[in-house]
Amino acid sequence: MDARLNLFNDPTAGKVLKYVASAGRATADSTLPAATQELVRLRASQINGCGFCTDMHTKDAAAAGESALRLNLVAAWREATVFTEAERAALELAEQGTRIADAAGGVTDEAWANAAKHYDEEQLAALVSVIAVINAFNRVNVMIQQPAGDYQPGQFG
C-alpha cells in the first residue's frame with residue numbers, strides 16, 4: 001500500500017508538517033508526564049483510525065518503557081485497572097476533544113473539571129496542545145492513507 005500523496009517530498013506539505021511537528025515538540029518540555037502524552041496520542045489515533053500514528057505512538061511509548069499491558073488496554077481504559085486517576089482524566093479529555101463533532105457541547109464541564117483536579121494550568125495547556133496536534137496529524141495521515149507498520153522509534157527525531 002502506498003500513500004496517496006508523498007508528504008515527505010512535497011515542499012508545501014513538508015513546510016506545514018514541519019510547523020505542526022514543531023508545535024508538538026513544545027509539549028516535550030512541559031511538566032505533563034511523557035507517559036500521559038503518549039497514552040493520549042495513542043488513544044486519539046485509535047479513535048481516528050490512524051494506523052500510522054497508532055503504530056508510531058505505540059512503538060515510541062514502548063521504547064520509552066511503557067508496558068505492553070498498558071498499551072494494549074488503552075482502547076479499553078475505562079474497564080482497565082492499570083491507569084491512574086490522572087491518566088484516566090487525560091484519556092477522557094482526549095476522547096471528548098477528539099470526538100467534538102459527536103457531542104453538541106464539545107468537551108463537557110465534568111471532563112474538564114476532572115482533568116483540572118489532576119493537572120495544573122500549564123499541564124492542562126500541554127494536554128490540550130497534545131490532543132490538538134495529534135488530531136491534526138491523524139487527519140492528514142488518514143486522508144492520504146499513510147501506511148502503518150514500518151515506523152522505527154525515534155525516526156522523526
Side-chain angles (χ1 to χ4, degrees), residues 7-8 13-78 80 82-103 105-144 146 148 151-157:
L7 298 176
F8 303 107
K15 187 182 292 187
V16 169
L17 292 177
K18 175 182 168 187
Y19 289 121
V20 175
S22 179
R25 282 191 294 277
T27 61
D29 295 329
S30 75
T31 58
L32 181 66
T36 301
Q37 293 184 44
E38 287 301 333
L39 294 172
V40 163
R41 288 182 186 110
L42 177 56
R43 185 63 190 127
S45 298
Q46 291 170 337
I47 291 166
N48 288 323
C50 183
F52 183 85
C53 290
T54 297
D55 179 42
M56 177 181 191
H57 295 294
T58 299
K59 289 174 179 174
D60 281 347
E66 188 60 73
S67 75
L69 175 66
R70 284 170 41 96
L71 292 173
N72 290 331
L73 289 173
V74 168
W77 65 267
R78 283 180 178 79
V82 297
F83 300 106
T84 67
E85 288 303 313
E87 290 168 336
R88 296 168 75 72
L91 289 164
E92 178 65 30
L93 190 65
E95 284 196 4
Q96 289 191 22
T98 298
R99 293 183 164 133
I100 289 175
D102 297 342
V107 174
T108 65
D109 290 339
E110 180 183 10
W112 184 263
N114 193 30
K117 286 191 314 191
H118 300 284
Y119 302 103
D120 63 27
E121 191 167 304
E122 190 265 337
Q123 291 170 321
L124 284 170
L127 186 55
V128 167
S129 299
V130 167
I131 295 165
V133 169
I134 193 59
N135 273 280
F137 275 120
N138 289 165
R139 280 150 176 76
V140 168
N141 286 322
V142 169
M143 280 190 280
I144 67 162
Q146 186 68 38
Y151 177 78
Q152 298 298 313
Q155 179 176 329
F156 297 119

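All values below come from the heavy atoms of this structure, side chains included, with hydrogens, waters and symmetry mates left out.
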Nearest 0.5 Å, please: how far is [atom2] in [Y] from [atom1] in [X]?
| X | Y | atom1 | atom2 | answer |
| --- | --- | --- | --- | --- |
| Q146 | M56 | CD | CE | 11.0 Å |
| L91 | R78 | CG | CZ | 9.0 Å |
| L93 | L124 | CG | CG | 7.5 Å |
| I134 | I131 | CD1 | CD1 | 11.0 Å |

Look at the side chain of [X] and the backbone N and O of [Y], then say whether any donor-acceptor pair between them is shorter than 3.5 Å.
| X | Y | value |
| --- | --- | --- |
| T58 | D55 | no |
| N114 | E110 | no |
| Q37 | V130 | no |
| D120 | E122 | yes |

Minimum heavy-atom distance [X]-[Y], with the two atoms named:
| X | Y | result |
| --- | --- | --- |
| A13 | L7 | CB-CD2, 3.6 Å |
| P153 | A63 | CB-CB, 3.8 Å |
| Q96 | G106 | OE1-O, 4.0 Å |
| W77 | R88 | O-NH1, 2.7 Å |
| E66 | L39 | OE1-CD2, 4.3 Å |
| N138 | C50 | ND2-CB, 3.5 Å |

request  = For Y151, check side chain to side chain donor-acceptor pair (under 3.5 Å) against everything at least two apart and list the hits.
outcome  =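 Per chain and number, Y151 pairs via side chain to side chain donor-acceptor pair (under 3.5 Å) with D60.
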Salt bridge (charged side-chain N to carboxylate O under 4.0 Å, His left out) assessment of K117 paired with E85 = CA-CA 10 Å; K117 286 191 314 191; E85 288 303 313; over 6 Å; no
request  = For T36, check side chain to side chain contact (heavy atoms under 4.5 Å, CB included) against everything at least two apart and list the hits.
outcome  = L32, P33, V40, E87, A90, Y119
message = Does Q155 have more than 12 heavy atoms from other residues, nucleotides or ligands lying within 6.0 Å of its CD?
response =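 Check passes, neighbour count above 12.
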message = For D109, is the CG atom crowded, meaning more than 12 foreign heavy atoms sit under 6.0 Å from it?
response = no
ask   = What salt bridge (charged side-chain N to carboxylate O under 4.0 Å, His left out) pairs are there with at least one residue in residues 18-46, not counting sequence neighbours?
value = E38-R41, R43-E95
request  = Check the side chains of S30 and Q123 for a donor-acceptor pair under 3.5 angstrom, ignoring hydrogens and angles.
outcome  =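 Result is no, nothing qualifies.
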Report yes if the side chains of [X] and [Y] come closer than 4.5 Å at any heavy-atom pair, otherwise no.
| X | Y | answer |
| --- | --- | --- |
| F8 | L17 | no |
| V128 | W112 | yes |
| V142 | F52 | no |

